[in-house]
Amino acid sequence: MAFASASAPVVPARQAGHVAIIMDGNGRWAQMRGWPRLVGHRKGAERVKEIVRAAPDLGISWLTLYAFSTENWKRSTEEVLGLMAIFARYIQREAEGMAREGVRMRFIGDRSRLDPKLQRLMAGIEAKTAHLTRLNLTVAINYGGRDEILRAVRAIACEAADGRLDPADVTDAAFSARLDTAQLPDPDLVIRTSGETRTSNFLPWQAAYAEYEFTETLWPDFSPAELGAILARFGNRERRFGGVLK
Ligand code: IPE
Ligand code: IPE
Ligand code: MG
């Protein structure tokens, strides 16, 4: 029996076209210095700017960043409001620069719980950058993989109950099309900073066959040079997708 047929989806990894990052460790970075956690988040936002700028030259065309999870509401009101202010400021301050550099910005996550003013800023920059193609930047705000899957399941259940969708047509592609990430390819590589080796509800469906890299570096210390080194390692990995290498 020939398991490795010519059509088997076995490809050696080359470039990570879609990199997703769990940006973790801002709080510890600040606390280690005796500073408030929000100082770490502000430093983290500076790192985002730098990584976004470096990504296209590293061969990345899709970059997805985990900024706020559905579980992060458990934090103090001061930290949550501080983070929301950082997101709003980032969008306002970076809009021009991103447009100049060809960055298309999208958001995933449940927006309905966010401040309407922030929601407007998000929709505004999505519209303003919709024609750009150099880098597809997606920021996950109030994102949780289980929440995203449940919202898709509810949508599918409603369509089926109304007779608009035949249950037999609920395929992999049909399900993916109802996720927040409908317009995104699956991530090739997921990176988590700060030494934690868990996924914390980030892209559970989409990252089923992603490669993972965990680094001890805290997000405010993460650099384009370290990203480059991680990408070089990725290039040497064998991705089998359940097949066998020829
Ligand atoms: C990541 O840094 C940013 C968010 C989750 C919003 P943390 O704030 O989780 O930093 P640590 O993990 O407490 O150091
Ligand atoms: C994951 O980090 C979420 C983001 C980076 C936005 P957390 O710090 O919230 O995750 P846990 O609590 O350590 O799992
Ligand atoms: Mg954390």
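Counting starts at 1 for both ligands and their atoms, in listed order. Given the structure is predicted, the values throughout are model-derived calculations rather than measurements.
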Taking 4.0 angstrom as the limit, do [X] and [Y] come out as a salt bridge?
X: Glu96; Y: Lys128; value: yes
X: Asp188; Y: Arg239; value: yes
X: Asp115; Y: Lys117; value: no
X: Glu50; Y: Arg53; value: no

Number the atoms of ligand 1 from 1 as they appear, then name those within less than 4.0 Å of a heavy atom of [X], with their elements.
X: His41; value: 3 (C), 8 (O)
X: Leu83; value: 6 (C)
X: Arg28; value: 11 (P), 12 (O), 14 (O)

Heavy-atom nearest option to [atom], drawn from [options]:
atom: atom 9 (O) of ligand 2; options: Val139, Asn72, Asp24; result: Asn72
atom: atom 11 (P) of ligand 2; options: Ala140, Ser200, Ser194; result: Ser200
atom: atom 5 (C) of ligand 1; options: Arg75, Met23, Gln31; result: Arg75

Per-atom contacts, ligand 2 versus [X] - under 4.0 Å to a heavy atom:
X: Ile22; answer: 5 (C)
X: Phe68; answer: 6 (C)
X: Arg198; answer: 11 (P), 13 (O), 14 (O)

Is any side-chain heavy atom of Ile51 closer than 4.5 Å to one of Trp219?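 Yes. Closest side-chain heavy atoms under 4.5 Å.
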Answer yes or no for Glu196: is there an N/O/S atom below the 2.8 Å cut-off from the Mg ion (ligand 3)?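 No, since none of the N, O or S atoms of Glu196 sits under 2.8 Å from the Mg ion (ligand 3).
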Give me the atom names and distance for the closest heavy-atom approach of Gly109 to Arg151.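 Answer, listing the atom of Gly109 first, then Arg151: C-NH2, 3.7 Å.
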Ile86 side, atom CD1; His41 side, atom NE2 - distance, nearest 0.5 Å: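 Spacing of CD1 (Ile86) from NE2 (His41) equals 6.5 Å.
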Of Val19, Thr138, Thr181, the residue whose pairing with Thr64 passes side chain to side chain contact (heavy atoms under 4.5 Å, CB included):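 Of all the options given, the one that passes is Thr138.
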Name of the residue among Arg104, Glu94, Met105 meeting side chain to side chain contact (heavy atoms under 4.5 Å, CB included) with Leu137: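 Single side chain to side chain contact (heavy atoms under 4.5 Å, CB included) partner of Leu137 among Arg104, Glu94, Met105: Met105.
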Check the hydrophobic clustering (I, L, V, M, F, W, Y; side-chain heavy atoms under 4.5 Å; chains of links allowed) and say if Leu65 and Val190 are grouped together.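 In one cluster with Leu65: Val190, no.
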Closest to the Mg ion (ligand 3), which N/O/S atom of Asp24 is it?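 Of the nitrogen, oxygen and sulfur atoms in Asp24, the Mg ion (ligand 3) lies nearest to OD1.
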For ligand 2, is there an atom lying under 4.0 Å from some heavy atom of Arg192?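 Right, Arg192 reaches ligand 2.
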Report yes or no: does a heavy atom of Ala67 sit under 4.0 Å from some atom of ligand 1?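 Yes, that is the case, since the closest heavy atom of the residue is under 4.0 Å from the ligand.
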Please write down residue, atom name and distance for the protein heavy atom closest to atom 13 (O) of ligand 1.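 Nearest protein contact, heavy atoms only, for atom 13 (O) of ligand 1 is Arg37 NH2, 2.9 Å.
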For atom 10 (O) of ligand 1, what is the closest protein heavy atom, and at what distance to 0.1 Å?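 Looking at atom 10 (O) of ligand 1, the protein heavy atom closest to it is Gly27 N, 2.9 Å.
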For Trp29, is at least one N or O under 3.5 Å away from an N or O on ligand 1?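 N/O-N/O distance under 3.5 Å: no.
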